[in-house]
Asker: 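Following this message is one structure expressed as structure tokens.
These numbers come from the heavy atoms of this one structure, side chains and all, not from hydrogens, waters or symmetry mates.
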Amino acid sequence: MADVTEEGVALMQPKRYAIKFNPPRFILEYTDGTKIRIRSVSLRIPKEPDAEAMAKGIVKTFPRLLNKAGVRHDQVVRLVRRLIDKCEVMGRSRRTSETLQ
């Protein structure tokens with residue numbers, strides 16, 4: 001039987017989370033007590049990215065799943081920084097290849 005709260009609502013527990021680089025996405029796998037589900041959110045990387053602000057936005061997108069009891073905020077920030085770094089590298093290499101043509 002699924003874990004439930006006193007109100008009879010199934011507990012949603014995060015299982016795994018990841019990033020996808022192209023196109024930039026934050027992916028969350030969680031269980032709702034009976035099934036494993038996946039949700040994702042597209043991210044736009046601004047010219048002057050702020051990993052902390054982007055992480056707060058992601059947490060607001062998944063408030064019940066990315067709460068302090070389930071996933072630490074610094075883990076989300078770390079993933080966002082990896083995404084930003086990778087997108088910057090991809091952007092530089094794309095600009096370099098366009099210049100060479």
Asker: What heavy-atom pair brings I19 and L79 nearest, and what distance separates the two atoms?
Answerer: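 Nearest heavy atoms, I19 then L79: CD1-O, 3.4 Å.
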Asker: How close do R37 and D32 get, counting heavy atoms only, and between which atoms?
Answerer: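 So the minimum-distance heavy-atom pair works out to NE-OD2, 2.6 Å.
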Asker: Indicate if V59 and V77 have the same hydrophobic cluster label, given that clusters are the connected sets of ILVMFWY residues with side-chain heavy-atom separations under 4.5 angstrom.
Answerer: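 Shared cluster, no.
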Asker: Who clusters with I27? Use side-chain heavy atoms, under 4.5 angstrom, across I, L, V, M, F, W and Y, and order the result by chain and number.
Answerer: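 Joined to I27, directly or through intermediates: I38.
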Asker: For T31 and T34, work out which heavy atoms get closest and say how close.
Answerer: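 That would be OG1-N, 4.2 Å.
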Asker: Verify side-chain contact (heavy atoms from CB on, under 4.5 Å) between L28 and I58, making sure each step is shown before the conclusion.
Answerer: CA-CA 10 Å; L28 178 65; I58 291 169; over 6 Å; no
Asker: Compare all side-chain heavy atoms of M54 with those of I84 and state whether any distance is below 4.5 angstrom.
Answerer: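 M54 vs I84: side chains touch.
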Asker: Sorted by first residue and then second, give each salt bridge (charged side-chain N to carboxylate O under 4.0 Å, His left out) pair with at least one member in residues 48-62; sequence neighbours left out.
Answerer: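 For residues 48-62: none.
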Asker: Can you list the residues that meet the side chain to side chain donor-acceptor pair (under 3.5 Å) rule with Y17, with sequence neighbours excluded?
Answerer: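 Here the qualifying residues are Q75.
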Asker: Check whether Y30 forms a cation-pi arrangement with K15 (NZ or CZ under 6.0 Å from the six-membered ring centre, at most 45° off the ring normal).
Answerer: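 Verdict for Y30: no cation-pi partner in K15.
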Asker: Please name all residues satisfying salt bridge (Lys or Arg N to Asp or Glu O under 4.0 Å) with R78, sequence neighbours left out, ordered by chain then number.
Answerer: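 Partners of R78 under the salt bridge (Lys or Arg N to Asp or Glu O under 4.0 Å) test: D74.
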Asker: Looking at every heavy atom in both F21 and R82, which two are closest together, and how far apart are they?
Answerer: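 So the minimum-distance heavy-atom pair works out to CE2-O, 3.9 Å.
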Asker: With heavy-atom distances below 4.5 Å as the criterion, would you say the side chains of R81 and P49 are in contact?
Answerer: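 When only atoms from C-beta onward are counted, P49 and R81 do not touch, as no gap falls below 4.5 Å.
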Asker: List the residues meeting salt bridge (Lys or Arg N to Asp or Glu O under 4.0 Å) with R39, not counting sequence neighbours, and say none if there are none.
Answerer: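 Salt bridge (Lys or Arg N to Asp or Glu O under 4.0 Å) list for R39, sorted by chain: empty.
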Asker: Hey, quick one: are I45 and V76 part of the same hydrophobic cluster, counting side-chain heavy atoms closer than 4.5 Å, chains of contacts allowed?
Answerer: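 I45 clusters together with V76.
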Asker: Among residues at least two apart in sequence or on other chains, which ones pass side chain to side chain donor-acceptor pair (under 3.5 Å) with R25?
Answerer: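 Partners of R25 under the side chain to side chain donor-acceptor pair (under 3.5 Å) test: S40, S42.
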